[in-house]
Amino acid sequence: MLVAMAGLPGSGKSTVAEELARELGCALLSVDPIEAAMWRAGVDRAQPTGLAAYVVAEAVAREQLVLGNAAIIDAVNDVEPARQQWVALAAELGVPLAFVEVVCSDADEHRRRLAERQRGIDGFPEPTWESVLERSEAFRAWQGERLRVDSMRPLGDNVAVVREHLAQLAGDRHRASERRNPRRSRGFVGGPNWT
């Protein structure tokens, strides 16, 4: 399964993504550290390193998914082209996709978190509150299906809700597969055609 996190900087999405990856034991691909690594490697910041970081995350996610592992993408994913990237990857590989949007319903708390945030990503500047407000417009236009969790709730509760949602998606996919090919889902993978 591919899980694409979404949410404004400072909303708490990375915290949810990290705990979810820890509990599921799967790959976590975070776009900001990838972009910062490009800068440390000498790629000029004037280059489209933000876009490149999404492309690198996609390539690594593809490898994980091909190996049969789940992957979690930790990125803002505020614009449609970014979200379509994950839709296309999931469709290409035939894996389920879940978007999980993390919001912080208390604007004062969100602003405080952003101001106090120290992620330790070498060379990566933290965004301003004004830039976060500008990016919030893109989320209001998002019409696609996703699970929304509020980071004002306890982390454990949010992770449990996300895990339940992912289990539901996986179960729905399994049931659909059984309807298409009942013998395969019971373990009859090869052998002669018994029909």
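The residues of the chain are indexed from 1 along the displayed sequence. None of the values given here were measured: they were computed from a predicted structure.
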Exercise for the section: With the side chain counted from C-beta on, respond yes when Q84 and V87 share a heavy-atom pair under 4.5 Å apart, and no when they do not. Expected result: yes

Handout entry: Shared hydrophobic cluster, V103 / V161 (ILVMFWY, side-chain heavy atoms < 4.5 Å)
Key = no

Practice task
Drop me the distance from E35's CD to Q47's CD, to the nearest 0.5 angstrom.
Solution key: 12.0 Å

Practice task
Please test H165 against L169 for side-chain contact (heavy atoms from CB on, under 4.5 Å), starting from the C-alpha separation and ending with a verdict.
Solution key: CA-CA 6 Å; H165 177 69; L169 287 176; 3.7 Å; yes

Handout entry: L147 side, atom CG; L166 side, atom CG - distance, nearest 0.5 Å
Key = 8.0 Å

Problem - Minimum heavy-atom distance A75-V31, with the two atoms named - result: CB-CG2, 3.5 Å

Exercise for the section: Could you go through the side-chain contact (heavy atoms from CB on, under 4.5 Å) check for R62 and L65 one step at a time? Expected result: CA-CA 5 Å; R62 176 179 283 107; L65 294 165; 5.8 Å; no

Problem - Pair N158-E19, side-chain contact (heavy atoms from CB on, under 4.5 Å): steps then yes or no - result: CA-CA 10 Å; N158 280 334; E19 187 59 28; over 6 Å; no

Completion exercise
The reported gap from CG in L2 to CH2 in W86 (rounded to nearest 0.5 angstrom) is 7.0 Å

Handout entry: Test item: E126 and P9 side chains (from C-beta on) under 4.5 Å apart, heavy atoms
Key = no

Exercise for the section: Answer whether the closest heavy-atom distance between the side chains of C26 and M1 falls below 4.5 Å. Expected result: no

Practice task
Answer yes if L51 and I34 sit in the same cluster of Ile, Leu, Val, Met, Phe, Trp and Tyr residues linked by side chain heavy atoms under 4.5 Å apart, and no otherwise.
Solution key: no

Problem - Atom of F139, atom of E101 and distance for their closest heavy-atom approach - result: CD2-OE2, 3.5 Å

Handout entry: Exercise: do S151 and R113 side chains pair donor with acceptor under 3.5 Å
Key = yes

Handout entry: From OG (S14) to CD1 (I121), nearest 0.5 Å
Key = 7.5 Å

Handout entry: Aromatic ring proximity W39/F124, centre distance under 6.0 Å
Key = yes

Practice task
Answer whether the closest heavy-atom distance between the side chains of R117 and P127 falls below 4.5 Å.
Solution key: yes

Practice task
Classify the ring geometry between W129 and H110 as parallel (under 30°), tilted (30 to 60°) or perpendicular (over 60°).
Solution key: perpendicular

Practice task
With side-chain contact (heavy atoms from CB on, under 4.5 Å) as the test, would you mind laying out the steps for L20 and V100 before giving the verdict?
Solution key: CA-CA 11 Å; L20 188 62; V100 177; 5.7 Å; no

Practice task
Answer yes or no: is there a side-chain heavy-atom contact under 4.5 Å between L24 and R163?
Solution key: yes

Fill in the blank from the handout: Taking every heavy atom of Q85 against every heavy atom of Y54, the minimum-distance pair comes out as NE2-O, 3.0 Å

Exercise for the section: Following the transitive rule for hydrophobic clusters with a side-chain heavy-atom cut-off under 4.5 Å over Ile, Leu, Val, Met, Phe, Trp and Tyr, establish whether L67 and L93 coincide in one cluster. Expected result: no

Handout entry: Interatomic spacing from CD1 in I72 to NZ in K13 - rounded to 0.5 Å
Key = 13.5 Å

Handout entry: Distance-minimising heavy-atom pair for A52 and M38
Key = C-CE, 3.5 Å

Exercise for the section: Group every Ile, Leu, Val, Met, Phe, Trp and Tyr by side-chain heavy-atom contacts under 4.5 Å, then state whether V76 and L29 land in the same group. Expected result: yes

Exercise for the section: Kindly check if the number of other-residue, nucleotide or ligand heavy atoms within 6.0 Å of CD (E109) is above 12? Expected result: yes

Problem - Within 6.0 angstrom of E137 CD, more than 12 heavy atoms from elsewhere - result: yes

Completion exercise
One should read off an interatomic distance between R153 CZ and S105 OG, to the nearest 0.5 angstrom, of 10.5 Å

Fill in the blank from the handout: Here the pair of heavy atoms bringing C104 nearest to D150 is CA-OD1, 3.8 Å

Exercise for the section: List the atom of V102, the atom of G12, and the distance in Å for their closest heavy-atom pair. Expected result: CG1-C, 3.8 Å

Handout entry: Residue of the set R140, R83, R135 for which salt bridge (Lys or Arg N to Asp or Glu O under 4.0 Å) holds with D78
Key = R135

